[in-house]
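These figures come from a predicted structure and were not determined experimentally.
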Amino acid sequence: MWFRVLGPLEVVGTTGHLSFPPRQRTVLSMLLLEPNRVVTVERLVDAVWDNTPPPTAKEQVRICVSFIRRALTGGGRPDAIVTRPPGYSIQCTDHELDLLEFNDLVASGRRLLAQGRPHDAADTLRDALRLWRGAVPLAGVRSQLVQSIGTQLAERRLAVIEEYVDVRLRLGQHHELTSGLAELVAANPFRERLRARLMIALYQGGRQAEALHTYRVGRQLFVEQLGLEPGVELRRLERAILAGEVADLLEPEEASRPVPVRPAAPRLLPADIGDFTGRRDLIERVRAALRGPRDTGSRAVPVVIVTGRPWLGKTTLAVHVAHALDGEYPDGQLFARLGGAARPADAEGVLARFLGALGVPGRAVPDTLEERTDMYRNLLSDRRILVVLDDAGGGQQVAPLLPGSPTCSVILTSRTRLAVLGGATTLGVDPLDTQESVELLTRAVGQERGDIKAADIALLADLCAGEPLALRLAAERLKSQPHLPVRDLIVRLYDDRRRLTELSYGGLDLVAMVDEIWQGLSPLARRLLRRVSRLDDRGFQGWMCAPLLDVAEQDAQDALTELLGAGLLDIERQDGQVVFQLRGLLQAFVRRLAAEDSLIGDTGHAAEQPDESRDTAVPPW
């Protein structure tokens, strides 16, 4: 199957051209503009409806994806679109999607030019430009967002044309360029670099008068319509043509010459936490996993993935271990927050930061993801650097950020397992046990509250469910409010409806944090969380989801899979059975919603009364 976006949208399958109605064309276009990456449902909604989506927008997007998937299946690609919360991804190779092939050819052309092979570079760049079937990508797709991205692609096409023209001008191939350049200048009259290249081509062809006329026409346009004189490059070129010294201008410009990279030892890690508590066994396992491949002589890059649901301290653990290993990585540490699946950071932007930290000047950072990845891995090839990537949303996001040399190591944190990273060691983070929770609370509170009894500390630790974030926030409340009796705080935390509000402190709004996760879930996944929150604390098994939701088994499994994919449930084995558990801050949030739904259920019908025993319970003293 072939997908074409460099012009009008075209999809060609085994049965011929596939056609789609306008809304599906917009959704498919957005997926193809970000191939092999997750496009969130919210972004697809923005593309289809701009700023005025209907209440059912997300459901309509899911219906569109279903129809597109069915059409692609009929065209020979049943596995093209995959569901990856919080959205969808279309899987393409550079032989199937013209945009990917264009990027690959441009990167190859630039490498050939850097290797001193201008003829091969010109041919490769020409092949890249021939993939375009017009100057406007996805022409005819009526979407402000698609058109905005298309404008960026059109700008990139012009930049590649300018690179291609530069190479051919230096090879003396001006005769073949003149007519095409004249058309481009007419279509882009204020693009100074194109006008300059047309002037050079005319001059090389012995048409000096026409070259100067091209400058004067451009100058008149600039003055009359913009109130500006032409830029320095055009004015310098006019003088050179008058003086007959154009040959010097065909040498590489200062901005395009190779820039020497000054090796730097980056230190991008956040500060370590002074009262880090527990996790001794897990820390040793991370260290052993990072050392293991080198101890066995393997050439693989050591990668450790630390997984677990939110607020269990994955980032704190990764940063703590990275600081502890500082002496083993003398060439530095790199750190980046990847934003998870909900707000995935752009790998190109992360690589630009990394390259800057490694000593690459801004103007020397390549344009494309592939070129940045190549430069990044080349710089790390003989250095000992630890890379820490926090809150990864998926393997496709992470892959360009991995070094290629076994002298480097990587620590990843993620809410879910990243199965696409073969050979990585995955270690799960569990809630702190009672002893570790009490130790963390005691150390975090310090000596400022000597009136706290051991029994109260233990009870407070239990209410925080072993989540380091909740434990630290509870400690901060006690330290900053010495007038607040410890038992008063415990009573407040016993009420699930108040717990997140009571723990929101120091500018950290836990209600907003948890609500953001909640809003990213589908209605069925939310309903499943509401229902399981009414069960006791022993957890639930997968077969229970369908009767709890009163839906088909497959729909119930999809909802459970979504919750697991978002990393919101703990998984345990009890008597040989897999049991899922809703715990901690998220459990308190959902129980609060369930209490609010005590009269009208989340389906809009009269609902069963929630279990309010936790809401009305009192501490056991």
Side-chain angles (χ1 to χ4, degrees), residues 6-7 98 101-137 153-222 230-258 367:
L6 303 181
D98 56 359
E101 187 176 2
F102 173 75
N103 290 339
D104 185 60
L105 287 171
V106 170
S108 297
R110 289 170 175 169
R111 282 195 296 270
L112 289 167
L113 188 60
Q115 294 168 4
R117 299 166 59 186
H119 288 87
D120 292 336
D123 291 344
T124 304
L125 292 175
R126 178 198 60 203
D127 292 342
L129 293 168
R130 283 178 174 174
L131 293 172
W132 285 75
R133 294 168 293 110
V136 181
L153 283 176
E155 176 69 21
R156 184 152 183 260
R157 168 180 172 265
L158 288 175
V160 173
I161 288 174
E162 290 166 349
E163 293 180 55
Y164 169 66
V165 169
D166 281 351
V167 176
R168 295 195 62 183
L169 285 175
R170 292 184 187 118
L171 292 172
Q173 299 173 354
H174 49 275
H175 292 294
E176 304 169 26
L177 298 172
T178 307
S179 60
L181 275 172
E183 292 178 8
L184 283 169
V185 169
N188 304 272
F190 299 106
R191 195 170 182 95
E192 294 192 31
R193 193 174 179 190
L194 277 178
R195 187 174 296 274
R197 270 54 196 167
L198 174 58
M199 291 170 61
I200 292 173
L202 289 169
Y203 179 84
Q204 284 185 329
R207 300 158 67 179
Q208 180 179 0
E210 292 178 62
L212 292 171
H213 177 71
T214 299
Y215 170 80
R216 289 162 188 154
V217 169
R219 180 183 181 278
Q220 185 176 359
L221 281 171
F222 275 68
V232 173
E233 182 182 11
L234 277 177
R235 297 200 305 269
R236 185 177 59 155
L237 180 57
E238 183 206 23
R239 292 194 299 269
I241 291 175
L242 289 170
E245 299 174 351
V246 175
D248 295 337
L249 299 180
L250 294 178
E251 294 302 315
E253 300 174 15
E254 184 67 27
S256 63
R257 291 175 184 164
D367 294 332

*Which heavy atom in P189 sits nearest to a heavy atom in F222, and how many Å separate them?*
O-CE1, 4.0 Å
_Those residues that, when tested against E183, pass salt bridge (charged side-chain N to carboxylate O under 4.0 Å, His left out) (two or more places apart)_ = none
*Measuring from R195:CZ to L234:CG, what's the distance to the nearest 0.5 Å?*
7.5 Å
_Does atom CD (Q220) have a neighbourhood of more than 12 heavy atoms from anything else shown, all under 6.0 Å?_
no
_Pairing residues for R126 by the salt bridge (charged side-chain N to carboxylate O under 4.0 Å, His left out) criterion, not counting sequence neighbours_ = D123
*Work out which heavy atom in I241 is nearest to a heavy atom in A211; give both atom names and the distance.*
CD1-CB, 3.9 Å
*Could you tell me whether a side-chain N or O of E192 sits under 3.5 Å from a main-chain N or O of G231, the two making a donor and an acceptor?*
yes
*asked:* On a heavy-atom basis, which atom in A154 and which in A135 lie closest, and how many Å separate them?
replied: CB-O, 3.6 Å
*Apply the side chain to side chain contact (heavy atoms under 4.5 Å, CB included) test between T124 and each candidate in L113, L112, V106; give the one that qualifies.*
L112
*Under the salt bridge (charged side-chain N to carboxylate O under 4.0 Å, His left out) test, residues paired with R219 that sit two or more places apart*: E229
_Atom pair CZ/CD1 of R170 and I200 - distance to nearest 0.5 Å_ = 9.0 Å
_Spacing of CG belonging to L198 relative to CZ belonging to R207, to within rounding of 0.5 Å_ = 8.5 Å
*asked:* List the residues meeting side-chain contact (heavy atoms from CB on, under 4.5 Å) with H119, not counting sequence neighbours, and say none if there are none.
replied: L171, Q173
*Is E233 salt-bridged to R197, going by a charged N under 4.0 Å from an acidic O?*
yes
*By side-chain contact (heavy atoms from CB on, under 4.5 Å), which residues pair with L242, not counting sequence neighbours?*
L212, E238
*Sequence-distant partners of R111, side chain to side chain donor-acceptor pair (under 3.5 Å), two or more places apart*: S108, D374
*For the student: nearest non-hydrogen atoms of L105 and L131, plus distance*: CD1-CD1, 4.0 Å
*With sequence neighbours left out, write down each residue that passes side chain to side chain donor-acceptor pair (under 3.5 Å) with D104, or none if nothing qualifies.*
none
*Identify, with sequence neighbours excluded, every residue that meets salt bridge (charged side-chain N to carboxylate O under 4.0 Å, His left out) alongside E163.*
R110
*Mind checking whether L158 and L184 have side chains closer than 4.5 Å, heavy atoms only?*
yes
*Partners of E162 by side chain to side chain donor-acceptor pair (under 3.5 Å), sequence neighbours excluded?*
R191
*Check side chain to side chain donor-acceptor pair (under 3.5 Å) between D120 and all other residues, then give those that pass, not counting sequence neighbours.*
R117
*Is it true that a side-chain atom of Q204 and a backbone atom of G172 form a donor plus acceptor pair closer than 3.5 Å?*
no
*asked:* Contact between T214 and Y203 at the side-chain level, heavy atoms closer than 4.5 Å - yes or no?
replied: no
*If you look at every heavy atom in P137 and L153, which pair is closest and at what distance?*
CG-CB, 3.7 Å
*Report the distance from atom CZ of R130 to atom CG of L6, rounding to the nearest 0.5 Å.*
15.5 Å
*Return the set of residues passing ring-ring contact (aromatic ring centres under 6.0 Å, His included) with Y164 (not counting sequence neighbours), or none when no residue passes.*
none
*With sequence neighbours left out, write down each residue that passes side-chain contact (heavy atoms from CB on, under 4.5 Å) with A201, or none if nothing qualifies.*
L169, H174, T178, L181
